[in-house]
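Below is one structure, written out as structure tokens; the observations come after it.
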Amino acid sequence: MPLLPIAVSADDVREAANIIKAAAHRTPVLTSTQANALTGASLFFKCENYQRIGAFKFRGAYNAISHLTPEQKKNGVVAFSSGNHAQAMALAARELNVPVTIVMPHDAPAAKLAATRGYGAEVIIYNRQTEDREAIAADLAAKRGLSIIPPYNHPHVIAGQGTSALELFEEVGELDFLFVCTGGGGLLSGCAIAAKHMAPNCRIFGVEPEAGNDVQQSLRTGERVSIAVPNTIADGAQTQCVGELTFPIIRNFVEDILTVSDQQLCDQMRFFMERMKIVVEPTGCLAAAAAMSGAIDIRDARVGIIVSGGNVDAESYANFLKRGKNIL
Ligand SMILES: *Cc1c(COP(=O)(O)O)cnc(C)c1O
């Protein structure tokens, strides 16, 4: 495969690690005797469910806002998201004393709206059916001089997300495999850059929901493929198309994209709860479910797994656990 020009280097990830350490948690790496017995491998789970705001997105948001000029910081930032990127931007901006506006759909869960406002963000509501959130953000950016920070398609966001894998390698040393979930590919591309830098022979697999395999199709055809919004419980991976900046990085460094069903995600959530005592949201289960499914032969290998987040409301979580079967 030809090497493509890419927007982010391992040095950028190292720089991001230096910048975010003032504010981000260094998340724990957990192991599980039962997971190791099941797979015949040594699994290392990097637990971003313990990151601030409950997901890795704080890393990219904090790094991106930190890189703005003083003038840009004074004017403020804007993001459009109903999920973890919104919370991450709101908290990171507050920590850096930067005004922040978040564009959220009118039907976003009340708890998420309240949490975002609670961090001091100005929330602008739009109608998902009739309005275009990107146009609203662009309009705000033009009128108020705000800087738009997108959730994945941005070099400083990608570098920030890569610090998760960098920390994992720093803590456990060489790994033969790394499994990372993918939506727009910010986490996967950043982690792939860090992994290839720390362990050039590490085999990297992205994982997405079976119902929405746009990144798999893109990687296999060599062109970014767009799909309809996928129907899956993995709400952090419902993106319709991989990013312009993330795709070349994924093509360069990622061996393949695997897919996982919603049933497997429920099974994995139950495993995490029962065996490892951790609450992981559906999207956060993708990488582990793929690694533990047997789809790739990982016997006797050292395997890194990024657990991307743990934000799930209690009622949905209870239902997912009920659906989940014991995989041991
Ligand atoms: C955003 C998110 C993802 C997907 O990340 P990308 O950088 O868009 O690929 C995965 N898991 C969780 C918990 C997320 O919040």
Side-chain angles (χ1 to χ4, degrees), residues 7-8 13 16 27 45-61 63-64 79-92 112 115-116 149-165 179-194 204-209 212-216 218-219 224 229-230 232-247 249-250 254 257-258 260 265 268-269 272 278-290 305-313 316-317:
V8 182
V13 181
T27 50
F45 297 89
K46 176 70 170 165
C47 291
E48 293 299 315
N49 52 313
Y50 293 121
Q51 187 49 265
R52 297 187 73 184
I53 71 102
F56 69 91
K57 286 219 174 58
F58 183 74
R59 296 171 181 274
N63 188 48
F80 42 86
S81 161
S82 52
N84 291 332
H85 181 60
Q87 324 280 310
M89 283 294 295
L91 179 61
K112 287 208 165 151
T116 309
I149 310 282
Y152 51 86
N153 203 44
H154 185 296
H156 298 141
V157 172
I158 295 169
Q161 319 306 31
T163 60
S164 176
F179 291 82
V180 187
C181 59
T182 177
L187 180 66
L188 174 59
S189 57
C191 287
I193 289 163
I204 305 164
F205 289 89
V207 187
E208 65 186 341
N213 69 336
D214 58 297
V215 190
Q216 185 182 60
S218 302
L219 190 62
R224 290 164 61 230
V229 176
T232 168
I233 61 171
D235 54 354
Q238 280 180 312
T239 32
Q240 294 171 259
C241 186
V242 65
E244 259 167 72
L245 296 179
T246 56
F247 183 51
I249 303 173
I250 292 169
V254 175
I257 306 289
L258 310 170
V260 164
L265 294 177
Q268 192 65 40
M269 235 174 292
F272 277 135
I278 59 174
V279 176
V280 183
E281 64 182 276
T283 317
C285 291
L286 281 165
I305 291 165
I306 307 283
V307 177
S308 61
N311 292 324
V312 52
D313 69 83
S316 315
Y317 186 58

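Read the numbers this way: they start at 1 and go in the same order the structure lists the ligands and their atoms.
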- Message: As a quick check of understanding, evaluate side-chain contact (heavy atoms from CB on, under 4.5 Å) for C191 and I306, giving each step before the final call.
- Response: CA-CA 9 Å; C191 287; I306 307 283; 4.3 Å; yes

- Task: For side-chain hydrogen bond (donor to acceptor under 3.5 Å, both in side chains), just list the numbers for E208 and T182, CA-CA rounded to whole Å, side-chain angles, deciding distance to a tenth of an Å, and then say yes or no.
- Result: CA-CA 6 Å; E208 65 186 341; T182 177; 5.6 Å; no

- Item | Pair L188-T246, side-chain contact (heavy atoms from CB on, under 4.5 Å): steps then yes or no | CA-CA 8 Å; L188 174 59; T246 56; over 6 Å; no

- Task: Validate the cation-pi geometry between R52 and F58: distance from NZ or CZ to the six-membered ring centre under 6.0 Å, angle to the ring axis within 45°.
- Result: yes

- Task: Taking ring-ring contact (aromatic ring centres under 6.0 Å, His included) as the test, write out the residues that go with F179, two or more places apart.
- Result: F205

- Task: Working to the nearest 0.5 Å, report the span between NZ of K112 and CD of Q87.
- Result: 6.5 Å

Could you list, one pair per line, each nitrogen or oxygen of ligand 1 together with any protein nitrogen or oxygen closer than 3.5 Å, giving atom names and the distance rounded to 0.1 Å?
unit_1	atom_1	unit_2	atom_2	d
ligand 1	7 (O)	G186	N	2.9
ligand 1	7 (O)	L187	N	3.0
ligand 1	8 (O)	G184	N	2.9
ligand 1	9 (O)	G183	N	2.7
ligand 1	9 (O)	G184	N	3.2
ligand 1	9 (O)	G185	N	2.8
ligand 1	11 (N)	S308	OG	2.7
ligand 1	15 (O)	K57	NZ	2.7
ligand 1	15 (O)	N84	ND2	2.8

